[in-house]
J.: 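Input: one structure, supplied below.
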Number of protein chains: 2
Amino acid sequence: MISQKSKYALRALLALAARPGGEPMLISDIAEQEVIPRKFLEQILLDLKRAGLVASRRGKAGGYLMLRRAETVTFGEVLRLIDGPLAPLPCLSKMAYRRCGDCANENACKLRKVFARVADATRDILDTTTLADVLQAGVTSLPVEI
Amino acid sequence: MISQKSKYALRALLALAARPGGEPMLISDIAEQEVIPRKFLEQILLDLKRAGLVASRRGKAGGYLMLRRAETVTFGEVLRLIDGPLAPLPCLSKMAYRRCGDCANENACKLRKVFARVADATRDILDTTTLADVLQAGVTSLPVEI
DNA sequence: CTTTAACCCGACTGAACCACTATGCTTGTT
DNA sequence: AACAAGCATAGTGGTTCAGTCGGGTTAAAG
């Protein structure tokens, strides 16, 4: 299960990325439009800013805006930023590898072999799907079910 | 990340499934062999027993034994039993569906579309890989790296 | 028939994490 | 100078994790 916070982060980023001309959007407006608790969103956006995904402008007509292009921001990157490693086992994380502690010889570990396949499969999807991909989908495609 | 408890459960099941003739194995022996805290393992095995995966015999020469054949027990089943739904979003779980609360129209939800692909991919692996599969692998294959 | 060795079961605990909320501060525009 | 926007830290109530504790109950051996 991905966290609520990650869901909020992704939705906020999609809202910003959908802005024409990349103009800034107020926290409050994002919060209202996407139904996210205002103050919680504030600290999520701070995280995204510290990571360099978005920028902010203060004062009147300020707000948050996309700093990187939507085509370059993957779901995987956002999830790692908020939730930490995607890998189902610490010993499978490429970004935050940790030994499992219990299993002695790692490349004989039977569990690891299975979960490595899971990790690869999810990485294949999450690290190749960008914000732009899902925005496009929204514009061009009809609902799957009527 | 899968829980420590699930890892223990899978390792314990593999230990039992590897037993020749399906003879019972003491909790203490499993605990020692697989490096699992004794009392914690005890309650894990109870869960597995209540779910009908294993059986127990009391008294002298008792212990736990496999109740179902290793070919019929998938990783997915065990993980769901211990950790709950595999799905990354509650609205994607086939076993324990719950609406997302925030997103209004579910089949227009952009996040859902992406995570549905993740959910399918992991199910494809975890619901088709059985205990027998990884036991066989252990017998026949050499280590991947020397 | 009593002891012993096994499983059975509920309660508890300390640490961490989640999803927020509160409060104040800084900074840029008007 | 006033106001409005973001910046930042601390706190909070609830839940989960990863066990531990202390006692049951049951079956076989002596």
Side-chain angles (χ1 to χ4, degrees), chain A residues 1-12 16 23-32 34-65 67 79 81-85 88-90 98 100-102, chain B residues 1-12 16 23-32 34-67 79 81-85 88-90 96 98 100-102:
Chain A
M1 289 278 181
I2 73 170
S3 71
Q4 193 67 12
K5 194 172 175 184
S6 283
K7 272 194 278 183
Y8 289 158
L10 286 168
R11 292 226 306 265
L16 289 181
E23 59 175 315
M25 195 173 173
L26 295 181
I27 293 187
S28 303
D29 291 346
I30 305 174
E32 190 177 352
E34 300 294 333
V35 196
I36 303 174
R38 165 76 220 271
K39 288 300 258 178
F40 196 25
L41 177 58
E42 215 171 283
Q43 69 181 220
I44 291 168
L45 286 169
L46 271 192
D47 288 344
L48 297 177
K49 181 189 164 167
R50 278 192 269 260
L53 297 186
V54 300
S56 64
R57 276 214 282 271
R58 295 193 181 211
K60 200 78 179 290
Y64 274 92
L65 50 120
L67 194 53
L79 289 175
L81 192 62
I82 306 286
D83 280 351
L89 294 176
R98 279 184 301 116
C100 260
D102 25 25
Chain B
M1 289 280 180
I2 73 170
S3 70
Q4 193 67 11
K5 195 173 174 183
S6 284
K7 271 194 278 182
Y8 289 158
L10 286 168
R11 292 228 305 269
L16 290 182
E23 58 175 316
M25 197 172 171
L26 294 182
I27 293 185
S28 304
D29 290 347
I30 305 173
E32 190 177 353
E34 300 295 331
V35 195
I36 303 173
R38 164 76 221 270
K39 288 297 260 179
F40 196 26
L41 176 58
E42 210 169 296
Q43 69 181 221
I44 292 168
L45 287 170
L46 270 190
D47 289 343
L48 296 177
K49 181 189 164 165
R50 280 191 266 261
L53 296 186
V54 300
S56 65
R57 276 216 281 271
R58 295 193 179 206
K60 204 76 178 295
Y64 275 91
L65 49 119
M66 217 57 193
L67 195 52
L79 289 174
L81 191 63
I82 305 287
D83 280 349
L89 295 175
R98 278 184 302 116
C100 261
D102 25 24

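Chain naming here is simple, since letters A, B, ... match the order of the sequence lines and numbering starts at 1 in each.
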J.: Taking atom CZ as the centre, does B:Arg98 end up with more than 12 heavy-atom neighbours from other residues, nucleotides or ligands that are less than 6.0 angstrom away?
T.: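 Counting other residues, nucleotides and ligands, CZ of B:Arg98 stays at 12 neighbours or fewer.
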J.: On DNA chain C, nearest-nucleotide positions of A:Gln43 versus B:Arg57: which is more 5'?
T.: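 Result of the comparison: B:Arg57.
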J.: A:Lys7 has an atom NZ; how far is it from atom P of C:dA19, in whole Å?
T.: 9 Å
J.: What's the closest nucleotide to the A:Gln4 side chain, out of D:dA18, C:dC20, D:dC7?
T.: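 Of the candidates, C:dC20 comes closest.
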J.: Between A:Arg38 and D:dG6, is there a contact of a side-chain N or O with OP1 or OP2 at under 4.0 Å?
T.: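 The answer is yes; a side-chain N or O of A:Arg38 sits under 4.0 Å from OP1 or OP2.
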J.: C:dT26 base to A:Arg58 side chain: any donor-acceptor pair below 3.5 Å?
T.: yes
J.: Between A:Phe40 and B:Lys49, who's closer to the 5' end of DNA chain C by nearest nucleotide?
T.: B:Lys49
J.: Does the side chain of B:Glu42 reach to within under 4.5 Å of the side chain of B:Leu46, using non-hydrogen atoms?
T.: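 The answer is no; the side chains never approach within 4.5 Å.
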J.: Hey, does A:Leu45 reach any base, or is it just sugar-phosphate, or nothing, if we go heavy atoms under 4.0 Å?
T.: nothing
J.: Hey, is CD on A:Glu32 packed in by over 12 heavy atoms from elsewhere, all under 6.0 Å?
T.: no
J.: Just the rounded figure in Å: distance from C1' of C:dC8 to CD1 of B:Ile27.
T.: 9 Å
J.: Is there a donor N/O on one and an acceptor N/O on the other, under 3.5 Å, for the side chain of A:Lys39 and the base of C:dT23?
T.: yes
J.: Whether B:Tyr8 contacts D:dG19 is assessed here as follows: a side-chain N or O lying under 4.0 Å from the phosphate OP1 or OP2. Is that the case?
T.: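 Looking at the OP1 and OP2 atoms of D:dG19, one of them is under 4.0 Å from a side-chain N or O of B:Tyr8.
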J.: To the nearest Å, how far apart are A:Leu46 CG and D:dA5 C1'?
T.: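 Rounded to the whole Å, the gap is 12 Å.
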J.: C:dA19 P sits how many Å from A:Ile2 CD1, rounded?
T.: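 My rounded result for the distance is 10 Å.
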J.: I want to check one thing: is the phosphate of C:dC9, taken as OP1 and OP2, less than 4.0 Å away from some side-chain N or O of B:Arg50?
T.: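 The answer is yes; a side-chain N or O of B:Arg50 sits under 4.0 Å from OP1 or OP2.
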J.: On DNA chain D, does the nearest nucleotide to B:Asp83 precede the nearest nucleotide to B:Gly59 from the 5' side, or the other way round? Give the residue.
T.: B:Asp83
J.: Apply the test side-chain contact (heavy atoms from CB on, under 4.5 Å) to residues B:Ile30 and B:Leu16: give CA-CA distance (whole Å), side-chain angles for both, the deciding distance (0.1 Å), then the verdict.
T.: CA-CA 8 Å; B:Ile30 305 173; B:Leu16 290 182; 3.9 Å; yes
J.: For D:dC7, does either OP1 or OP2 sit under 4.0 Å from a side-chain N or O belonging to A:Ser56?
T.: yes
J.: Looking only at N and O atoms, is any donor in the side chain of B:Glu42 or the base of C:dC8 less than 3.5 Å from an acceptor on the other one?
T.: yes
J.: Nearest whole Å is fine: how far is D:dC3 P from A:Leu26 CG?
T.: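 Spelled out: CG on A:Leu26 to P on D:dC3 is 19 Å.
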J.: Write down the distance between NZ (B:Lys5) and C1' (D:dT20), rounded to a whole number of angstrom.
T.: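 So the NZ-C1' distance, B:Lys5 to D:dT20, works out to 14 Å.
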J.: Roughly how far, to the nearest 0.5 Å, is the CD atom of B:Gln4 from the CG atom of A:Leu89?
T.: 9.5 Å
J.: Rounded to whole angstrom units, what separation is found between the CG atom of B:Asp47 and the P atom of D:dG19?
T.: 15 Å
J.: To the nearest angstrom, how far is A:Ile44 atom CD1 from C:dC18 atom P?
T.: 12 Å
